[in-house]
Amino acid sequence: TPSDARVFGIICGAFWAISWVLHDYIHFKRFSREEFDITTDGEVWILHFALGLVGAWLLLNVISRLFFKLVATGDVKAKAPQVLTYNVYAYCLGPSILALIPFYIGPAIALVWIVCLFIYAAMTRLAVKTSGAIICNLLSVGGVLGLSVGAYHLLAYLFRWLYT
């Protein structure tokens, strides 16, 4: 069952949420000459916290399902159930704690480490061939993260345009 893995994924999402707010704070302190205003800056920080928390869990769901669908169409040594893919991928989120390292290096290290763990887990635990593990993981992670970042920036642009 995915219940234990879900809790672990949500905890890892909390690390990403705290990291996003921490990076917002560092960016605000470094570049802003204005006083902190809870109605404008605080709303963005709360939104980023919620997106980090829910987004990590949602991305875990989408990436694990997409990977499972990609692998299921290809050649695998042994068929693993989708719930096993979800559980294995949830526990691969362990390096999310590194996202707390400031100055944007922490999230980058955590993300690269997580993708490497996805590939390794797909080969060892899910019995996917090396080429399939690499290609399917890069497609699923890259595609989902790329679309998510693009959607975030598009929505942020639209909100700035509407409120200015």
Side-chain angles (χ1 to χ4, degrees), residues 1-27 44-156:
T1 64
S3 59
D4 292 339
R6 184 180 307 117
V7 171
F8 188 77
I10 291 171
I11 291 170
C12 291
F15 289 129
W16 286 102
I18 294 167
S19 170
W20 202 344
V21 173
L22 175 69
H23 285 91
D24 284 346
Y25 176 76
I26 291 171
H27 187 269
V44 172
W45 291 8
I46 291 169
L47 177 67
H48 284 171
F49 184 84
L51 282 174
L53 187 63
V54 174
W57 175 76
L58 187 65
L59 290 176
L60 169 65
N61 280 309
V62 173
I63 289 171
S64 66
R65 287 174 194 243
L66 181 60
F67 175 80
F68 180 76
K69 296 289 184 188
L70 288 172
V71 168
T73 60
D75 183 29
V76 293
K77 300 176 203 170
K79 293 283 185 185
Q82 199 277 327
V83 69
L84 179 62
T85 304
Y86 176 82
N87 288 346
V88 168
Y89 274 37
Y91 290 118
C92 287
L93 293 179
S96 295
I97 195 166
L98 296 176
L100 296 173
I101 298 172
F103 307 114
Y104 303 108
I105 191 71
I109 292 170
L111 187 61
V112 169
W113 194 343
I114 288 169
V115 171
C116 290
L117 285 177
F118 282 174
I119 293 169
Y120 179 74
M123 291 184 310
T124 57
R125 183 66 179 105
L126 302 175
V128 178
K129 291 182 181 176
T130 304
S131 60
I134 293 170
I135 292 169
C136 291
N137 272 304
L138 291 180
L139 283 175
S140 60
V141 172
V144 171
L145 285 181
L147 288 174
S148 299
V149 169
Y152 171 80
H153 285 293
L154 177 65
L155 289 173

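If you're wondering where the values come from, they're calculated on a predicted model, not measured in any experiment. Heavy-atom basis, side chains included; hydrogens, waters and symmetry copies ignored.
- More than 12 heavy atoms of other residues, nucleotides or ligands lie within 6.0 Å of CG in L111, so this atom counts as buried by the packing criterion.
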Passes side chain to side chain contact (heavy atoms under 4.5 Å, CB included), D4 versus Y91? Steps please.
CA-CA 10 Å; D4 292 339; Y91 290 118; 3.4 Å; yes

**OP:** Carefully, step by step, assess L59 and V141 under the rule side chain to side chain contact (heavy atoms under 4.5 Å, CB included).
**Re:** CA-CA 9 Å; L59 290 176; V141 172; over 6 Å; no

* Could you walk me through whether D24 and W20 pass the side chain to side chain contact (heavy atoms under 4.5 Å, CB included) check? -> CA-CA 6 Å; D24 284 346; W20 202 344; 3.8 Å; yes

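- The aromatic rings of H48 and Y152 sit tilted relative to each other, their planes meeting at an angle between 30° and 60°.
- In this structure, I18 CD1 and H23 NE2 are separated by 12.5 Å, a value rounded to the nearest 0.5 Å.
- Taking CG of L117 as the start and CG of L93 as the end, the distance is 9.0 Å to the nearest 0.5 Å.
- Remark: L60 CG to R6 CZ distance equals 10.0 Å, nearest 0.5 Å.
- Between atom CG of residue L147 and atom CG of residue L154 there is a gap of 11.5 Å, rounded to the nearest 0.5 Å.
- Here the closest heavy-atom approach between residue L100 and residue S19 is recorded as CD2-N, 3.8 Å.
- The minimum heavy-atom distance linking A133 with V128 is given by the pair N-CG1, 3.5 Å.
- When every heavy atom of L70 is checked against every heavy atom of T73, the shortest pair comes out as O-OG1, 2.7 Å.
- Of all the heavy atoms in S64 and T85, the pair that sits closest is O-CG2, 3.7 Å.
- Rounding to the nearest 0.5 Å places CG of L53 at 11.5 Å from CG of L58.
- Around atom CZ of R125, no more than 12 heavy atoms belonging to other residues, nucleotides or ligands sit under 6.0 Å away.
- Heavy atoms only, all atoms of each residue included: C92 and I114 are closest at O-CG1, 3.6 Å.
- For Y89, the ring-ring contact (aromatic ring centres under 6.0 Å, His included) partners are F67, F118, not counting sequence neighbours.
- The main-chain N or O of V144 is found under 3.5 Å from a side-chain atom of S148 such that the two form a donor-acceptor pair.
- The structure places SG of C136 at 13.5 Å from CD1 of I63, a figure rounded to the nearest 0.5 Å.
- When every heavy atom of A5 is checked against every heavy atom of Y86, the shortest pair comes out as CB-CE2, 4.2 Å.
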